[in-house]
Visitor: 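Can you keep this structure in mind? I'll have questions shortly.
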Amino acid sequence: MDKPKKCRNQNSLANTFAISVTITLLMFGALTIDPLLVLATGEVGDEEENQNVDGSINNGNGHLSSTPLPSPPSQQGMNTDIIDSSTSGAADLSIQSSLQEQQLGSLIEGTTTNAACGQVASGVVNLTANLNCSGDGIIISGPNTVVNMNGFSITGPGKDSSKVGIMVSNADNVVVNGPGTISNFQAAVLLSGSNGFRLDSTILENNQIAMFMTGADNAEVQQNMIKDNNIGIASHSNSGSKISSNLMSGNQLAGITFVNTKSSSMDMNNIHGSQDGVFLDEQSSDNTINANNVLQNAVDINNANGLPLNINSNQYTENNCGISNPNGLCIGG
């Protein structure tokens with residue numbers, strides 16, 4: 001009886017995500033010609049513009065469409081059959097009870113050896129072939145899930161779709177292990193309302209946003225190649241994130257952007273070829289940006305468009321960069 005509720009929750013997540021992506025991209029629009037370029041940085045010019053952005057969130061006015069997520073495989077029919085037939089005798093009841101336990105065990109374990117597009121999965125998920133998806137990729141439904149890419153790829157219908165490669169909603173301690181590639185989605189990875197996520201050794205390319213974290217804590221994104229997206233990593237209203245040792249190139253609008261993100265770190269990343277290599281808005285505080293190579297961006301490191309560091313208490317140390325706003329955030333700058 002819990003399945004319809006889960007579907008409604010997933011549909012709500014999809015709607016919320018589409019609105020959030022719209023707002024992120026619109027926030028970037030203040031700095032670019034294309035109005036699709038604002039959500040991940042929070043770079044809004046003035047108070048009136050902030051009010052307009054807030055209004056679009058409250059009214060749900062997102063220009064990107066959202067489609068319902070696929071329903072998870074239903075166990076309801078099987079369980080009903082077992083209950084209806086239980087009057088046939090004690091022996092039949094015993095057999096049916098055993099089958100029901102097996103089905104429940106399979107549902108809890110969620111072990112998959114051949115992941116499929118649109119699959120609602122938990123437990124251990126192993127890719128055994130490339131997935132070419134016309135909709136969403138894999139939807140994680142339970143905590144402690146491990147997705148092993150095994151060198152394969154998950155490819156979506158295009159970066160201008162409303163689809164997600166791997167969606168993690170309210171599921172803690174999820175791990176995505178590379179090597180592997182996730183491409184051609186609105187977001188390659190969407191993390192929402194979860195704690196303790198880890199992504200490593202994966203290629204995220206040709207997406208609108210490669211990694212979108214919102215309302216999530218203690219996520220680790222390490223040793224990935226993130227390239228040719230509109231935005232590399234977008235963090236909204238998170239804390240305790242660790243972004244380290246990633247190679248990020250050609251992400252048009254931003255390599256890494258923090259909006260209302262606190263007590264998080266960026267260390268030893270290589271970031272080039274973006275409008276903003278690293279951007280933190282004025283509500284992002286007590287973050288550490290250390291020992292990154294951030295070069296050949298329009299602005300390499302941007303603390304809230306020049307906000308003094310004593311306002312939001314972010315720490316910038318040993319960063320190899322050429323242009324910072326305010327000045328002085330680079331080695332020798």
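Index from 1, following the sequence.
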Visitor: Is there a side-chain contact (heavy atoms from CB on, under 4.5 Å) between Asn126 and Met149? Walk through the geometry before answering.
Guide: CA-CA 6 Å; Asn126 291 314; Met149 298 290 293; over 6 Å; no
Visitor: Check for a donor-acceptor pair, side chain of Gln208 on one end and backbone N or O of Lys159 on the other, with a separation under 3.5 Å.
Guide: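 Pair found, side chain donor or acceptor close to backbone of Lys159.
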Visitor: Of all the heavy-atom pairs spanning Ile182 and Val189, show the shortest one and how long it is.
Guide: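 That would be CD1-CG2, 4.1 Å.
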Visitor: Run His236 and Phe212 through ring pair (Phe, Tyr, Trp, His ring centres under 6.0 Å) and show every step you take.
Guide: CA-CA 8 Å; His236 284 242; Phe212 194 173; 5.2 Å; yes
Visitor: Let me see the working for Asp281 and Ser284 under side chain to side chain donor-acceptor pair (under 3.5 Å), right down to the final yes or no.
Guide: CA-CA 6 Å; Asp281 79 336; Ser284 296; 2.7 Å; yes
Visitor: What are the two closest heavy atoms between Asn292 and Met268, and how far apart are they?
Guide: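 Of all heavy-atom pairs spanning Asn292 and Met268, the closest is OD1-N, 3.2 Å.
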Visitor: If I compare all heavy atoms of Gly142 with all of Ser122, which pair ends up nearest, and what's the gap?
Guide: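 That would be N-CB, 3.9 Å.
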Visitor: Decide yes or no on side-chain contact (heavy atoms from CB on, under 4.5 Å) for Asn207 and Ile209, but give the supporting numbers first.
Guide: CA-CA 5 Å; Asn207 304 282; Ile209 300 177; over 6 Å; no
Visitor: Answer whether the closest heavy-atom distance between the side chains of Leu309 and Leu329 falls below 4.5 Å.
Guide: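 They are in contact (side-chain heavy atoms under 4.5 Å apart), so the answer is yes.
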Visitor: To the nearest 0.5 Å, what is the distance between NE2 on His272 and OG on Ser249?
Guide: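 So the gap between those two atoms works out to 4.5 Å.
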Visitor: For the residue pair Phe185 and Cys133, what are the closest heavy atoms and their distance?
Guide: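 Shortest heavy-atom separation between Phe185 and Cys133 comes out as CZ-CB, 4.4 Å.
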Visitor: List the steps, then state whether side chain to side chain donor-acceptor pair (under 3.5 Å) holds for Asn206 with Ser183.
Guide: CA-CA 5 Å; Asn206 296 319; Ser183 62; 5.8 Å; no
Visitor: Rounded at 0.5 Å granularity, tell me how far SG in Cys117 sits from CG in Leu131.
Guide: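 The distance works out to 4.5 Å.
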Visitor: Indicate yes or no: at least one non-hydrogen side-chain atom of Met211 is less than 4.5 angstrom from one of Phe197.
Guide: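 Contact flag for Met211/Phe197 side chains = yes.
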Visitor: Under the side-chain hydrogen bond (donor to acceptor under 3.5 Å, both in side chains) rule, collect the residues that match up with Asn297, sequence neighbours excluded.
Guide: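 Here the qualifying residues are Asp300.
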Visitor: At what distance, to the nearest 0.5 angstrom, does CG of Leu280 lie from CD1 of Ile289?
Guide: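 Going from the CG atom of Leu280 to the CD1 atom of Ile289 covers 5.0 Å.
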Visitor: Are the side chains of Ile331 and Glu318 in contact, using a 4.5 Å heavy-atom criterion?
Guide: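 Side-chain contact under 4.5 Å: yes.
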Visitor: Got Asp286 and Lys262 here, is their nearest side-chain heavy-atom distance under 4.5 Å?
Guide: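 They are not in contact (no side-chain heavy atoms under 4.5 Å apart), so the answer is no.
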Visitor: Would you confirm whether Asn269, through its side chain, and Ile243, through its main-chain N or O, come within 3.5 Å as a donor-acceptor pair?
Guide: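 Answer holds: yes.
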Visitor: Provide the closest heavy-atom pair for Asn224 versus Asp200 in the form atom of the first, atom of the second, distance.
Guide: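 Closest approach of Asn224 to Asp200: OD1-C, 3.1 Å.
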Visitor: Testing Asn230, Asp276, Asn229 for side chain to side chain donor-acceptor pair (under 3.5 Å) with Asn251, which one passes?
Guide: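 Among Asn230, Asp276, Asn229, the one meeting side chain to side chain donor-acceptor pair (under 3.5 Å) with Asn251 is Asn229.
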Visitor: I'd like to know whether CD of Glu220 has more than 12 heavy-atom contacts from other residues, nucleotides or ligands below 6.0 angstrom.
Guide: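 Above 12, so yes.
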Visitor: Checking Asn177 now: which residues fulfil side-chain hydrogen bond (donor to acceptor under 3.5 Å, both in side chains) with it, not counting sequence neighbours?
Guide: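 Partners of Asn177 under the side-chain hydrogen bond (donor to acceptor under 3.5 Å, both in side chains) test: Asn148.
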Visitor: Heavy atoms only: give me the nearest Ser169-Ser194 pair and the separation to one decimal.
Guide: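 Result for this residue pair: C-OG, 3.8 Å.
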Visitor: Consider side-chain contact (heavy atoms from CB on, under 4.5 Å). Of Thr261, Leu191, Thr257, which one does Ser235 pass it with?
Guide: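 Testing each of Thr261, Leu191, Thr257 against Ser235, the sole residue satisfying side-chain contact (heavy atoms from CB on, under 4.5 Å) is Thr261.
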Visitor: Apply side-chain contact (heavy atoms from CB on, under 4.5 Å) to Ile323 and Ile301, showing your working.
Guide: CA-CA 7 Å; Ile323 300 173; Ile301 297 180; over 6 Å; no
Visitor: Would you say that Glu205 contacts Met225 through its side chain, given a criterion of any heavy-atom pair below 4.5 Å between the two side chains?
Guide: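 No, every pair of side-chain atoms sits at 4.5 Å or beyond.
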Visitor: If only atom types and distance count, is the side chain of Asn238 paired as donor or acceptor with the main-chain N or O of Met213 below 3.5 Å?
Guide: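 The answer is yes, because a donor-acceptor pair under 3.5 Å joins these two groups.
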Visitor: Taking atom types as modelled, is there a side-chain donor on Ser244 or Asp267 under 3.5 Å from an acceptor on the other?
Guide: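 Distance-only check fails for Ser244 and Asp267.
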Visitor: Are side-chain N/O atoms of Asp217 and Asn195 paired as donor and acceptor at under 3.5 Å?
Guide: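 Judged by distance alone, the side chains do not pair up.
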Visitor: Decide yes or no for Gln315 and Asn287: does some side-chain heavy atom of the first lie under 4.5 Å from some side-chain heavy atom of the second?
Guide: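 The answer is no, as the side chains (C-beta and beyond) never meet within the 4.5 Å cut-off.
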Visitor: Could you tell me whether the side chain of Thr128 reaches within less than 4.5 Å of the side chain of Asn150, counting heavy atoms only?
Guide: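 The answer is no; the side chains never approach within 4.5 Å.
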Visitor: Take Asn290 and Thr317, measure what side chain to side chain donor-acceptor pair (under 3.5 Å) needs, and give me the verdict at the end.
Guide: CA-CA 5 Å; Asn290 177 62; Thr317 58; 2.6 Å; yes
Visitor: Give me the one residue out of Asn325, Asn312, Val278, Ile311 that meets side-chain contact (heavy atoms from CB on, under 4.5 Å) with Asn303.
Guide: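 That would be Asn312.
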Visitor: Taking the side chain as everything from C-beta on, heavy atoms only, tell me whether Ser264 gets closer than 4.5 Å to Lys242.
Guide: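 No, side chains not in contact.
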Visitor: Counting only N and O atoms by type, is there a donor-acceptor contact under 3.5 Å from the side chain of Ser324 to the main-chain atoms of Pro326?
Guide: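 Looks like yes, one N/O pair under 3.5 Å.
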